[in-house]
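Throughout, numbering of the chain's residues begins at 1 and tracks the sequence.
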Amino acid sequence: MVITIDPSRDTSSSTAIPDEPSTPKPAPKKEKKTKPPRMQIRRLAARTTVELLKSHGFPCALFGSMASPTSFVLRPARDPEATYKVLYFLPTPTSKPTSHQASKVDILLPGVMSLPALPPSSVWWRPNVLSGGMPRNGGASGSGGTESDPKVPVLPFNVLLLLKLQAWDDHRRAEELRYQEKAPIDVEDLKWMLGVAVPRYLKLDPRKSATIWRNRELFDEEFEKRSRERVVEFCEMYPVWTKVWRSLGFEVP
């Protein structure tokens with residue numbers, strides 16, 4: 001039960017004082033339509049996209065900083081010279097493709113942005129993964145869950161960590177200001193991942209951790225090489241994290 005107290009409906013003015021003119025009642029305010037919370041939209045977008053792709057034979061996994069009926073729409077890209085359109089997930093038929101009412105969906109194939117062709121066994125199925133940005137129960141693969149306990153597939157944490165490092169490097173080197181402005185956000189994400197998530201999902205042992213970056217199912221040789229260079233550059237700018245990177249098997253001066 002929800003009780004709403006509307007300040008425009010003051011009960012003290014509902015009855016006029018005798019022999020005095022009554023105060024006109026203000027016009028009732030129009031009720032605002034309740035908008036789904038951003039995280040709820042993201043979760044719904046994630047589950048709907050996964051199921052849609054799965055029904056067409058395309059297994060997938062989620063990554064990145066996510067009512068009925070639902071729909072997807074295409075809108076022109078911000079760049080007028082772009083040859084692509086932007087895909088939005090709309091939680092309701094009346095939703096607009098904006099950051100507050102919808103969720104942008106990027107569908108990337110292996111090879112794009114150095115994304116690996118993940119074997120199904122490497123995908124993590126996690127409940128409520130978008131509520132906190134990261135899975136909370138470790139790194140084994142699983143099933144798609146049940147209707148009462150929906151799960152979504154996500155990238156393994158070691159892949160996600162190096163992709164976030166790549167995003168930071170790309171954004172700080174970008175020519176356009178709108179991309180440069182994302183670099184500080186990437187840094188904060190990396191700090192959280194290194195300080196909170198790494199101890200949960202990766203073994204902090206240089207001798208054992210070094211081998212996971214040479215897994216050619218997840219990282220090709222060039223991506224591994226560039227990642228090691230990025231780690232060194234990151235530590236030059238944020239030396240407090242050098243010890244963590246070393247514990248993950250990276251050589252840092």
Side-chain angles (χ1 to χ4, degrees), residues 39 42-43 46 60-66 106 108 110 112-142 151-173 182-253:
M39 194 55 64
R42 290 180 179 179
R43 292 193 192 102
C60 64
L62 303 174
F63 80 103
S65 136
M66 286 77 40
D106 294 320
L108 306 176
V112 177
M113 295 171 52
S114 301
L115 287 171
L118 286 175
S121 59
S122 296
V123 175
W124 293 6
W125 285 87
R126 287 292 168 263
N128 301 321
V129 65
L130 296 177
S131 61
M134 291 299 304
R136 299 295 178 193
N137 298 315
S141 59
K151 296 183 179 181
V152 291
V154 299
L155 291 181
F157 179 74
N158 54 345
V159 176
L160 186 62
L161 178 63
L162 294 192
L163 286 175
K164 175 55 69 172
L165 185 68
Q166 174 181 253
W168 164 74
D169 191 39
D170 290 345
H171 289 151
R172 73 189 181 103
R173 298 176 186 275
K182 295 182 179 181
I185 301 174
D186 295 327
V187 171
E188 293 305 310
D189 289 343
L190 283 165
K191 288 179 179 179
W192 184 89
M193 296 172 80
L194 293 169
V196 178
V198 161
R200 295 180 182 177
Y201 308 119
L202 296 178
K203 296 179 179 179
L204 298 178
D205 184 337
R207 294 168 299 179
K208 297 179 180 179
S209 298
T211 59
I212 67 175
W213 314 114
R214 299 191 181 99
N215 183 343
R216 291 296 176 251
E217 283 190 336
L218 302 180
F219 312 106
D220 61 42
E221 187 174 352
E222 178 61 23
F223 184 69
E224 181 197 349
K225 176 177 178 293
R226 286 292 299 122
S227 295
R228 294 186 181 278
E229 294 170 351
R230 291 176 182 127
V231 167
V232 172
E233 294 168 359
F234 185 86
C235 291
E236 289 176 349
M237 299 179 66
Y238 308 98
V240 70
W241 299 105
T242 298
K243 185 178 179 179
V244 179
W245 284 112
R246 284 176 178 165
S247 71
L248 292 175
F250 289 93
E251 296 181 3
V252 183

- Task: Kindly determine whether Trp245 and Leu165 satisfy side-chain contact (heavy atoms from CB on, under 4.5 Å), including the steps that lead there.
- Result: CA-CA 12 Å; Trp245 284 112; Leu165 185 68; 4.2 Å; yes
[X]: what forms a salt bridge (charged side-chain N to carboxylate O under 4.0 Å, His left out) with it, not counting sequence neighbours?
X	result
Lys243	none
Asp106	Lys104
Glu188	Lys191

With the side chain counted from C-beta on, respond yes when [X] and [Y] share a heavy-atom pair under 4.5 Å apart, and no when they do not.
X	Y	result
Phe223	Leu163	yes
Phe157	Val198	yes
Val187	Met237	no
Leu248	Leu161	yes

Practice task
Apply the test salt bridge (charged side-chain N to carboxylate O under 4.0 Å, His left out) to residues Glu221 and Lys225: give CA-CA distance (whole Å), side-chain angles for both, the deciding distance (0.1 Å), then the verdict.
Solution key: CA-CA 6 Å; Glu221 187 174 352; Lys225 176 177 178 293; over 6 Å; no
Can you name the side-chain contact (heavy atoms from CB on, under 4.5 Å) partners of [X], sequence neighbours left out?
X	value
Pro119	Ser121, Ser122, Glu217
Ile212	Asn158, Leu202
Pro116	Leu118, Val159
Glu251	none

Can you list everything that forms a side-chain hydrogen bond (donor to acceptor under 3.5 Å, both in side chains) with [X]? Sequence neighbours excluded, please.
X	result
Asp169	Arg172, Arg173, Arg226, Arg230
Glu224	Arg216, Arg228
Ser227	none

Across all chains, not counting sequence neighbours, the ring pair (Phe, Tyr, Trp, His ring centres under 6.0 Å) partners of Trp168 are Phe234
**Asked** Would the Trp213 and Phe250 ring centres measure less than 6.0 Å apart?
**Response** yes
d(Leu194 CG, Asp189 CG) to nearest 0.5 Å is 10.5 Å
Taken to the nearest 0.5 Å, the spacing of Gln166 CD from Leu115 CG works out to 8.0 Å
Minimum heavy-atom separation for [X] to [Y], with atom names?
X	Y	answer
Leu108	Met113	CD1-SD, 3.6 Å
His171	Asp186	ND1-OD2, 2.5 Å
Pro153	Val123	CB-CG1, 3.4 Å

inquiry  = Working note: Trp241 + Val231, criterion side-chain contact (heavy atoms from CB on, under 4.5 Å); need CA distance, chi angles, decisive distance, verdict.
reply    = CA-CA 10 Å; Trp241 299 105; Val231 167; over 6 Å; no
Does Arg246 use its side chain to pair, donor to acceptor, with the backbone of Pro253 at less than 3.5 Å? yes
